[in-house]
Amino acid sequence: MMKICVVTGSRADYGLLKNVMYTICDDESLELQIISTGMHQSPSYGLTFREIEKDGFTIDKKVEMLVSSDTATGITNSIGLGVIGMGEALGSLRPNLVLLLGDRFEILAASVAAMIARIPIVHLHGGETTIGAFDESIRHAITKMASLHFVAAEDYRRRVLQLGEDPDRVFNVGGLGIDSLNRLELYPKSKVEELLGIEFLQKALLVTFHPVTLDVVDIGKQVDELLSALDCIADTTLIFTFPNADTGSSGIVDPIKKFVARRNNSYIYQSLGQKLYFSCVSCCDGVIGNSSSGLLEVPSLKKGTVNIGDRQEGRLKASSVIDCEPEKSEILAAINRLYSSEFQAELENVQNPYGAGGAVNKIVETIKELGAEISVKKTFFDIPGKAE
């Protein structure tokens, strides 16, 4: 039996990994192992490892790595703690493969530990670019440590090949988030209101703003511009979710809490969980911020996204995504466009560039097919061309 260890460090990657985990569990030839780490273990972010257990999974190891500081030094210390903890966890579990998704620093720690332990890494959602965050460098670094790759679009497959990976080990399966949406039975509006403890006004927006970790501009200024723009909107329910635990995250949470405290129509939540989050999107008029979900999944719900700043710059975008600079006037202009009758009429015909689903089964079946052929030993595949 092939033992596959899935590492999850946040609400975001777990939402995408959950159906892969269920499919592994359902296959008699595979054994699922789970390591929970990062934001899942943090009281400040809702102790979301409980959601994993609530979904019926057994967590084999919990690796503590978050420290209280969100400074560059604090995050660096967290990565160091993560490598130590992951090394011990993998040494105990001894999986045949480690399955990782994305680009967060928790996942970097897991990839380093797995590589040193000579455990082949399966990497999901590689090849993407996010110019405004150090996640991009982490993502490409994990690509070079991984032995098998499942990407969300053909553009991303070409980029992984450009990094020298074996074409026979790089598969375009589409976005995992589409599978999640296809398998979810979303809550009706009345249930969303009950679970959130609110009553929607005629208009509603969901807001998630993450630190832009490579931006030299003060994150506080960007948040002030966003909140100043939202302060100009009347008769609109504003639902905020916490940012990721990245450098500067407290500089986002604290101003939002103050904003919410003085407005009757605004609310903030540590973590909604995948089903409630997407149900909330379906009840809102659109999403505001710089979260990847606004690009990867929200277009499939036929909702608009106001994408602020350059955190997601370089990713494929549907026509439902409105880009704007992190300035009050531009954010307001983008929101006005979101609500325009012309833009709303076009949403029904939006095509998601990340596909229509099916990624989960393709991933699990390919892993089973390749099985013992997956090795940590790799050859750098040069792109054919004329030498200089």
Side-chain angles (χ1 to χ4, degrees), residues 1-68 78-117 119-125 142 146 176-177 179-180 183-184 241-242 244-245 269-277 360 363-364 367:
M1 182 175 289
M2 186 188 304
K3 294 187 291 184
I4 302 175
C5 182
V6 174
V7 179
T8 173
S10 71
R11 63 192 183 193
D13 68 23
Y14 174 65
L16 296 175
L17 288 166
K18 181 164 62 175
N19 288 309
V20 177
M21 293 159 64
Y22 277 132
T23 304
I24 292 172
C25 282
D26 291 341
D27 195 301
E28 294 182 354
S29 67
L30 304 175
E31 177 184 338
L32 175 67
Q33 298 174 330
I34 301 173
I35 296 177
S36 169
T37 188
M39 292 169 63
H40 285 309
Q41 311 305 121
S42 171
S44 299
Y45 290 88
L47 294 172
T48 51
F49 73 85
R50 295 170 179 167
E51 293 298 319
I52 302 173
E53 295 175 335
K54 184 179 177 182
D55 287 334
F57 294 112
T58 298
I59 298 173
D60 296 276
K61 296 289 181 181
K62 295 175 183 175
V63 175
E64 297 285 350
M65 64 179 292
L66 277 178
V67 295
S68 57
S78 293
I79 294 172
L81 291 171
V83 173
I84 294 170
M86 287 294 172
E88 293 174 349
L90 293 174
S92 173
L93 295 175
R94 301 179 65 84
N96 300 106
L97 298 172
V98 171
L99 192 149
L100 307 174
L101 185 146
D103 46 40
R104 287 190 51 77
F105 64 83
E106 302 97 329
I107 304 307
L108 175 64
S111 66
V112 170
M115 179 187 66
I116 299 301
I119 304 170
I121 297 169
V122 179
H123 188 212
L124 314 182
H125 275 268
I142 296 172
L176 276 169
D179 277 34
S180 297
R183 298 181 185 209
L184 283 175
T241 62
F242 265 45
N244 289 330
Y269 301 89
Q270 286 181 323
S271 177
L272 296 178
Q274 186 186 57
K275 183 172 181 177
L276 182 54
Y277 176 83
V360 170
I363 289 167
V364 176
I367 290 174

Side chains of Val112 and Ile79: closer than 4.5 Å at any heavy-atom pair? no
Between OG1 of Thr23 and CG of Leu32, what distance do you get to the nearest 0.5 Å? 10.5 Å
Look up atom CG in Leu97 and atom NZ in Lys3, then write down how far apart they are to the nearest 0.5 Å. 11.0 Å
Check whether any side-chain N or O of Ser180 sits under 3.5 Å from a backbone N or O of Gly15 as a donor-acceptor pair, and report yes or no. yes
Any donor-acceptor pair under 3.5 Å from Ser78 side chain to Met65 backbone: yes
Any Glu106 side-chain heavy atom under 4.5 Å of Asp13 side chain: no
Measure across Met115 and Ile121 and return the closest heavy-atom pair with its distance rounded to 0.1 Å. N-CD1, 4.3 Å
For Lys62 and Phe49, which heavy atoms make the closest approach, and how far apart are they? NZ-CE1, 3.2 Å
Looking only at non-hydrogen atoms, find the nearest pair between Leu47 and Gln41 and report the distance. CD2-O, 3.5 Å
Kindly compute the distance separating CG (Leu176) from CG (Asn19), expressed to the nearest 0.5 Å. 8.5 Å
Ile34 versus Thr58: any side-chain heavy-atom pair under 4.5 Å? no
What heavy-atom pair brings Ile59 and Ser36 nearest, and what distance separates the two atoms? CG2-CB, 3.8 Å
Between atom CD1 of Ile119 and atom OG of Ser111, what is the distance when rounded to the nearest 0.5 Å? 12.0 Å
State whether the side chain of Arg11 and the backbone N or O of Gln270 hold a donor-acceptor pair below 3.5 Å, judged by distance alone. yes
Would Leu124 and Leu17 satisfy side-chain contact (heavy atoms from CB on, under 4.5 Å), going step by step from the backbone distance to the final call? CA-CA 9 Å; Leu124 314 182; Leu17 288 166; 3.8 Å; yes
Pairwise side-chain contact, Val7 with Ile107, heavy-atom cut-off 4.5 Å (strictly under): yes
Is the backbone N or O of Leu101 less than 3.5 Å from a side-chain atom of His123, with the two atoms forming a donor-acceptor pair by type? no
How close do Ala89 and Ile35 get, counting heavy atoms only, and between which atoms? CB-CD1, 3.8 Å
Intermediate values then yes/no, salt bridge (Lys or Arg N to Asp or Glu O under 4.0 Å), Lys18 and Asp55: CA-CA 9 Å; Lys18 181 164 62 175; Asp55 287 334; 3.6 Å; yes
Walk me through whether Ile24 and Val364 qualify under side-chain contact (heavy atoms from CB on, under 4.5 Å). CA-CA 7 Å; Ile24 292 172; Val364 176; 4.3 Å; yes
OG1/Thr48 to CZ/Arg50 distance, rounded to the nearest 0.5 angstrom? 9.5 Å
Quick one: does Ser92's side chain have a donor or acceptor within less than 3.5 Å of a partner on Glu88's backbone? no
Gln33 side chain to Leu93 backbone, donor-acceptor under 3.5 Å: yes
More than 12 heavy atoms of other groups within 6.0 Å of Arg94 CZ: no
Would Leu99 and Ile367 count as a side-chain contact (heavy atoms from CB on, under 4.5 Å) here? Give the steps. CA-CA 10 Å; Leu99 192 149; Ile367 290 174; 4.0 Å; yes
Which atom names give the shortest non-hydrogen contact between Met39 and Arg104, and what distance separates them? SD-NH2, 3.9 Å
Step by step, work out the side-chain contact (heavy atoms from CB on, under 4.5 Å) result for Val6 and Val20. CA-CA 9 Å; Val6 174; Val20 177; 5.6 Å; no
So, taking the atom named NE2 in His125 and the one named CD1 in Ile142, what distance separates them when rounded to the nearest 0.5 Å? 13.0 Å
